[in-house]
Every structure is written in C-alpha cells, then in structure tokens.
Amino acid sequence: MHQCTDDSLLDLLGAGNVTVYAGFDPTASSLHLGHLLQICTLRRLQLAKNRPIALAGGGTGLIGDPSFKATERPLLTVEELNHNVLGIRSQLARFLDFTDSAGSSRALLLDNSAWLTTISLTDFLRDVGKHFSVNQMIARDSVKSRLDRADVGLSFTEFSYMLLQAYDFYRLHVDHGCTVQIGGSDQWGNIVGGIELIRKMTSHASFGLTSPLLLRSDGQKFGKSEGGNDRVWLDASLTSPFQLFQFLLNSDDETTPTLLRFFTFLSHEEISELDEKTQNSPQERAAQRALALAVVSLVHGDEAASSALRASEALFSESISELDEATLLEVVADAPSTNVNRDEVGSGLDAVELLVRTKLAASKAEARRFLDQRGVYVNNVRIEPTDAITLDHVLHSRYLILRRGRHQTHLIVLS
RNA sequence: GGGCCGGUGCCCGAGCGGCCAAUGGGAUCUGGCUGUAAACCAGACGGCUUUGCCUACGGGGGUUCAAAUCCCUCCCGGCCCA
C-alpha cells in the first residue's frame with residue numbers, strides 16, 4: 001500500500017463485502033505487467049470476500065489521462081480503441097472469478113463507455129462539472145508539471161480527464177454500491193476527485209487505495225522488457241511465456257521480495273522462507289524462480305509455466321548441442337524462428353547476412369558490430385567475426401541456434 | 001486575429017554559414033567480472049557495395065562554391081495580448 005484515504009479502510013476490506021474497482025484504460029491491445037499489480041490486488045480482495053469490479057476504459061480511453069505525463073498524447077482512433085478494449089476485456093476476464101460460485105463477491109467486468117459516451121454535454125457540465133473547482137484542479141501535482149513548463153501545454157481534453165474518472169466512480173457507487181477505488185500512486189488525484197464527487201452528490205463516504213510505483217533496485221521503472229523500451233505484456237503473442245519467465249527470473253535481489261508479495265499468492269511462511277534463501281544463497285535464485293513460476297502460471301497457466309521453467313534450465317545449464325531433438329525443440333519453442341534453404345548453408349553462410357535476416361540485428365552495420373564485439377553465438381558457442389556458418393554447425397541435421405548477446409535467441413530451421 | 005519564442009538522432013539537449021553523421025547527459029546494446037542479478041569497468045551507438053559514398057537537424061522552396069546554421073512560406077507546439 002502506498003496511500004490510503006482512511007485507515008479504517010483496511011479493517012473494512014478485511015471484513016469483506018466491500019465493492020472495489022480498478023480502471024484499465026485501453027492504451028494498447030494488451031495489459032502489461034504494471035496492470036497485473038492492480039489485478040492481483042483485486043483478486044486478493046476477492047479472496048477476502050469483497051466484490052471486485054474491473055473497469056475497461058472504453059470511454060476514458062477516448063480522452064487520455066494526463067496524470068504525470070510529460071506531454072500531450074496523440075488521441076487514439078476509435079477503431080484502435082475498440083480493438084484495444086476487446087483485447088484487455090478478454091484478459092481481465094481471466095484473473096477474477098466471474099462465476100456464480102463466488103456468491104456475493106462475484107466479479108464484474110464493465111466498460112465506462114456505457115455511460116461516458118451517452119451522457120449529454122450539458123448534463124455533464126451541470127451535474128458533474130459544477131462540483132469541480134478549477135482552482136483546485138490546477139493545483140494537483142499530477143498536472144503541475146504541464147502547467148509550469150514553458151514548452152508544453154495541457155489541452156482542455158486531457159484536463160477534463162479527472163472529471164470523467166470521478167464520474168466513473170460515482171456511477172459505480174450509485175449503480176453497484178462501489179465504495180473503494182484502487183490504482184497506482186499516479187492515480188491519487190483522480191481517485192480523490194471521485195471520492196469528493198460522491199460525497200457532494202450523495203453525501204456518502206468512499207475510499208481510495210493506491211499502490212506504490214514499482215522500481216528496480218537501479219531506480220528504473222519496473223516492467224520494461226529486456227531490449228529496451230518495450231513493456232512486458234500479458235498477451236502471449238507479444239511477450240511469450242518464456243520471455244515473461246526470463247524477465248522475472250532476472251529480477252534483482254533487492255526487488256524480488258517486494259515482487260513476491262505483490263504478484264504471488266504464496267503464504268507468508270513460503271515467502272519468508274524464500275527471502276531467507278535469497279539472503280543465504282543468492283546464487284540459487286530460488287525466490288526469482290518461484291516468482292517467475294507463480295506469475296507465468298497466473299497469466300498463462302501451469303503448463304506454460306513448467307515448460308518455460310524447463311526451457312530456461314536447459315537453455316542455460318546444459319550444452320545445447322547435446323540435447324535430443326524433442327528437448328531441443330521444447331527449449332526454443334518460444335523463440336522466434338526462420339527457415340533457411342539448406343543449399344545456402346552448404347556453401348557456407350555469412351553470419352552478417354543471417355543476423356539481419358533473423359532480425360537479431362537491425363542492419364548489416366549492427367550485425368558487424370555484434371560480431372566484432374564477440375556477441376554472437378551458434379549453438380551457444382561464440383563465433384569469430386570471420387567465421388561462416390556451415391553444415392558442421394547443424395544439429396539433428398536441420399537446426400541451428402543463433403544467439404546474440406546474453407538473451408536473444410533465434411531458431412533456424414533448414415528446409 | 002496580433003506580438004514573441006520554439007521544433008536537432010530513442011529521450012533531454014548543445015551547435016547558429018565550411019573543421020557536422022552533428023559536443024554532452026540519459027536510455028539502449030556488446031564485452032569483462034559475477035549468480036541467467038545489482039553495482040562496477042571497457043567499448044559501441046544513422047545506413048551502405050565502408051580509406052569512400054548516401055540519407056538526416058519539422059515540410060516545401062530559395063540565397064551561397066558551401067546551410068542544422070541565412071531568407072521566404074507552410075505545418076505543429078508554447079507564452080502574452082485581443
């Protein structure tokens with residue numbers, strides 16, 4: 001927990017029977033690891049007999065949340081948005097219990113476009129806008145940087161976002177008895193706006209709860225994937241189960257305890273046992289492995305998790321060229337692959353060419369750089385800048401494992 | 001509508017006629033050391049048919065032997081005035 005509007009809230013949630021919501025704006029077609037934190041919290045609260053509402057932001061996504069964003073963002077087209085809403089709705093549906101067996105804590109999946117796109121402008125301004133003071137709104141930290149900076153502005157569209165989110169909370173309160181909103185720490189201002197709106201319009205009390213921004217021990221934002229600016233997605237076609245597994249396995253020692261607590265549903269005993277192992281024998285990475293296994297299970301299922309674990313161990317601990325064919329294929333199942341004509345290899349294939357073709361290098365110049373820096377491996381054996389790739393490298397008469405750097409693996413299949 | 005300021009590589013940001021593929025920082029990548037961490041150290045960081053050539057400093061046009069740098073114009077952003 002990062003901030004909480006009222007300390008009595010925790011007792012309330014412990015007792016159960018509270019309706020809680022978290023919103024997810026469809027800025028992309030998939031949710032990412034950052035969203036998983038809110039999802040886990042909802043799930044945890046559901047396990048404690050509260051009723052979770054997952055709200056897809058089909059309406060708020062039309063506007064765009066300016067909170068703590070450095071610049072105005074381009075608007076998504078309606079087509080993109082619909083596509084994204086579809087994607088994240090189906091993902092949200094996987095994490096909570098929507099069946100009748102959950103009884104009074106059965107989860108709800110809603111989309112705020114249902115009310116945001118139908119309310120009339122004048123109704124909205126009279127009923128909702130009247131309760132907001134611009135004086136207070138411009139004082140919020142979440143928009144302050146945009147107002148203070150000399151080179152960027154803040155459009156009325158984005159400025160209004162807070163009202164929409166506040167109205168969401170109000171509608172969920174009135175229609176579904178929702179009294180708590182959770183979110184990341186950047187959502188504090190928006191959540192408080194909703195609480196005040198509910199108080200002014202109904203004189204009911206409601207609550208907010210935010211979670212801390214997850215940081216790695218080096219201060220970077222958590223959740224950016226290996227290889228740059230891409231996020232770690234929950235959609236298997238964007239981030240494969242193996243990649244997700246590896247990402248979590250590579251968590252550093254300092255953040256792993258926090259991640260275990262946020263993202264897994266292990267018992268207190270199990271977690272403190274893992275903490276101890278990290279203390280005493282960090283090189284075993286027991287906590288990281290448990291974390292990776294638990295999260296991949298949660299997101300992609302047990303089977304995907306155990307095969308990711310097997311692949312991970314095989315790929316890094318054994319000499320890959322000694323694996324039998326079936327095991328080898330399983331290890332690289334998630335890796336991207338490319339077909340190459342057998343004849344090309346027969347005459348000796350240029351490594352530069354192959355790196356570009358497999359997209360392991362973005363250009364020939366980059367491929368040469370990797371080779372010069374001695375960062376290219378065939379079947380886990382480093383090759384020299386001048387080496388050609390020949391039939392001698394081929395495993396099981398049709399496979400080549402090409403790797404760039406520590407983590408980028410590619411399967412080449414001869415045809 | 002008027003006045004002023006600004007738009008440079010992934011981001012921030014210097015350059016303000018030739019010595020500019022463009023200083024610096026961050027991010028990223030590769031290697032080293034490690035534990036498939038972190039920290040640290042070293043190097044790379046537009047492309048190509050690579051002692052050279054091509055494409056790039058918001059778009060288009062112009063001046064000049066020569067433009068990211070000067071002029072015109074358009075687009076976009078900011079501030080102030082109406």
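Letters A, B, ... mirror the listed sequences (proteins, then strands); counts begin at 1.
- Evaluation of atom-type donor-acceptor distances gives a pair under 3.5 Å for the side chain of A:Gln373 against the base of B:G43.
- If you check the side chains of A:Thr256 and A:Asp253, you find no donor sitting under 3.5 Å from an acceptor.
- Counting only heavy atoms from C-beta on, A:Phe370 has its side chain closest to B:C29 among B:C29, B:A37, B:U36.
- For a distance-only test at 3.5 Å, the side chain of A:Arg285 qualifies as a donor-acceptor partner of the base of B:G35.
- Of all nucleotides listed (B:U49, B:A37, B:U50), B:A37 comes nearest to the side chain of A:Asn250.
- Contact annotation for A:Glu284: no contact, since no heavy-atom pair falls under 4.0 Å across all strands.
- Note on A:Glu72: nothing from the nucleic acid sits closer than 4.0 angstrom, heavy atoms only.
- Closest to the side chain of A:His407, from the set B:G35, B:U36, B:C45, is B:U36.
- When the nearest nucleotides of RNA chain B are assigned to A:Val356 and A:Ser312 by heavy-atom distance, the more 5′-ward of the two goes with A:Ser312.
- When the side-chain nitrogen and oxygen atoms of A:Tyr377 are compared with OP1 and OP2 of B:G31, one or more of them lie within a distance under 4.0 Å.
- If you take CZ of A:Phe247 and P of B:A38, they are 11 Å apart, rounded to a whole angstrom.
- Within the 4.0 angstrom heavy-atom criterion, no nucleotide atom of any strand lies near A:Arg146.
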